[in-house]
Structures are given as C-alpha cells and as structure tokens.
Amino acid sequence: MDQSIGLNKIKTAVFISGTGSNLKSLIKFSNSKYSPIFIELIVSNNQKAKGLKYGLINNIKKKIINFKNKKKSENKLLLELKKNKIQLICLAGFMKILSKNFIKNFEGKILNIHPSLLPKYKGLNTHKRALENKEKYSGCTVHFVTTKLDSGKIILQKKVKILKKDNVNSLAKKILAEEHKLYPKAILKVFSL
Ligand code: GRF
C-alpha cells in the first residue's frame, strides 16, 4: 500500500481476541480515502487469534500480549502504543477487561463494539440472554470505553429484529453483519475529516 495514504490520519490500534471479522471490516474502511483512521497496529491477547491473518495480508504490525500478568502486560502494551504513536484504540472482539489505569492513559480515545442494544445486556452471552427474555429486537452498539464495563457514552446503535425462528447462531450472524457497517459509521461520526 502507498505509505503516504496514512500520513494525516488518526493512528489507530485495533485490539482483537478471535475471528477478527470486525478488524477485517475496519481495515477495508481504513483503506478508503474517506476514512479518518489509519490502522497502524493490531494487538491480540491470543497468538492463535484467527483475525491475525488480516494483519499479515494487509502488512500491518502486530503485538501479542498474553495478559497473564495484567499489570505487566498492560505496561508493556502502553509502551508499545506510545512507541507507535497510537492516538485511538478500537476494541473489536477483545475479550480482556482493561484496567482503570490503562483506560486513563487513553481517556476518551478507546472505542468498543458490543453485540447488544446497550444499556441492555452488558457483558457476555448477549444473544442467549436476549432470546431467553423474548426480546423483539436486539442489535449492536459502538461506544466510548470508560472504567465501567460497557457503560461509556453511546456513539451509534443499530437495531436488529429477532424472528421466532432465530437461535443464538442466526442472531449472532445477523448482528455481526450490522457490526461491520456500524463501526466505520461510528468512527466517521466521531472523527469526520
Ligand atoms: C462481535 O460480536 C463483537 O461485538 C463481540 O465479539 C464479536 C467479535 O467478532 N464483542 P469478530 O472477532 O470481530 O469477528
């Protein structure tokens, strides 16, 4: 890729733990001229994360941090982020909870995507809980990360209808497809050029 493309854009790190389909969509978005962000670094707590392949394909640096010792891991990570002059962090399926100290170092500069219509269903197993509660709608939310889990200011949400025939897998699939569109839209909303 032409390295000059990223020069004036916000240097971003995307944190993942698994499949990385949101990372894939963010990379595609960041490569467009409309994107205010440039993905400089991919961080994963899991060296087997499938999503790491998107870093390889797109020639993006990666950093694996195992988080076994949270404090040490976060300090190492903070150094790496500083070294790369990272200005924005996008959590995309990142399964570790960041400490207050870490978040304070990037106050107002960490975004997350969550597969529910927050404030409903914070935490894990969102689809299972929404189905058990016979919700008519679920969806996804992009929000700022604060020290309270899944509770920062909401940037954008997308509603998805739950059908009678839906199960955890079908609902997750429908919502994930919306997540891929919502994250870029939310970034544009916050940082339009
Ligand atoms: C997404 O549903 C995200 O909202 C949740 O974990 C899933 C990650 O998917 N936090 P992927 O790794 O981006 O494919």
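None of the values given here were measured: they were computed from a predicted structure. Start at 1 and go down the list; that is how both ligands and their atoms are numbered.
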S.K.: So, does Asn59 use its side chain to make a donor-acceptor pair with the main chain of Gly55 at under 3.5 Å?
M.R.: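 No; zero donor-acceptor contacts below 3.5 Å.
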
S.K.: Which residue and atom name correspond to the protein heavy atom nearest atom 5 (C) of ligand 1, and how close is it?
M.R.: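 Looking only at protein heavy atoms, the one closest to atom 5 (C) of ligand 1 is Pro115 CD, 3.9 Å.
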
S.K.: Looking just at side-chain N and O atoms, do Asn46 and Ser17 make a donor-acceptor pair shorter than 3.5 Å?
M.R.: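 Side-chain D/A pair, Asn46 to Ser17: absent.
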
S.K.: Between Lys122 and Ser151, is any side-chain donor less than 3.5 angstrom from a side-chain acceptor?
M.R.: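 Yes - a donor-acceptor pair under 3.5 Å links their side chains.
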
S.K.: Among all protein heavy atoms, pick out the one at the shortest distance from atom 8 (C) of ligand 1; state its residue, atom name and that distance to 0.1 Å.
M.R.: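 Looking only at protein heavy atoms, the one closest to atom 8 (C) of ligand 1 is Gly93 CA, 3.6 Å.
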
S.K.: Check the side chains of His180 and Ser21 for a donor-acceptor pair under 3.5 angstrom, ignoring hydrogens and angles.
M.R.: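 A pair is found: one side chain offers a donor N or O, the other an acceptor, under 3.5 Å apart.
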
S.K.: Is it the case that Asn84 and Lys11 place a side-chain donor and acceptor less than 3.5 Å from each other?
M.R.: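 Side-chain D/A pair, Asn84 to Lys11: absent.
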
S.K.: Report the nearest protein non-hydrogen atom to atom 1 (C) of ligand 1: residue, atom name, distance rounded to 0.1 Å.
M.R.: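 Nearest protein contact, heavy atoms only, for atom 1 (C) of ligand 1 is Glu179 OE1, 3.1 Å.
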
S.K.: Check contact between Gly20 and ligand 1, using heavy atoms of the residue and a distance below 4.0 angstrom.
M.R.: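 Yes, Gly20 has heavy atoms under 4.0 Å from ligand 1.
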
S.K.: In terms of residue, atom name and distance, what is the protein heavy atom nearest to atom 14 (O) of ligand 1?
M.R.: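 The answer is Ser21 OG, 2.5 Å.
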
S.K.: Relative to the heavy atoms of Leu176, which atoms of ligand 1 are at a distance of less than 4.0 Å?
M.R.: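 Those of ligand 1 that fall under 4.0 Å from Leu176 are 1 (C), 2 (O), 9 (O).
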
S.K.: Give the atoms of ligand 1, by number and element, whose distance to some non-hydrogen atom of Thr19 is under 4.0 Å.
M.R.: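 Once the distances to Thr19 are compared, the set is 12 (O), 14 (O).
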
S.K.: We want to know whether Tyr121 and Asn133 form a side-chain donor-acceptor pair, criterion being a heavy-atom distance below 3.5 angstrom.
M.R.: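 Their side chains do contain a donor-acceptor pair, which is all the 3.5 Å distance test asks for.
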
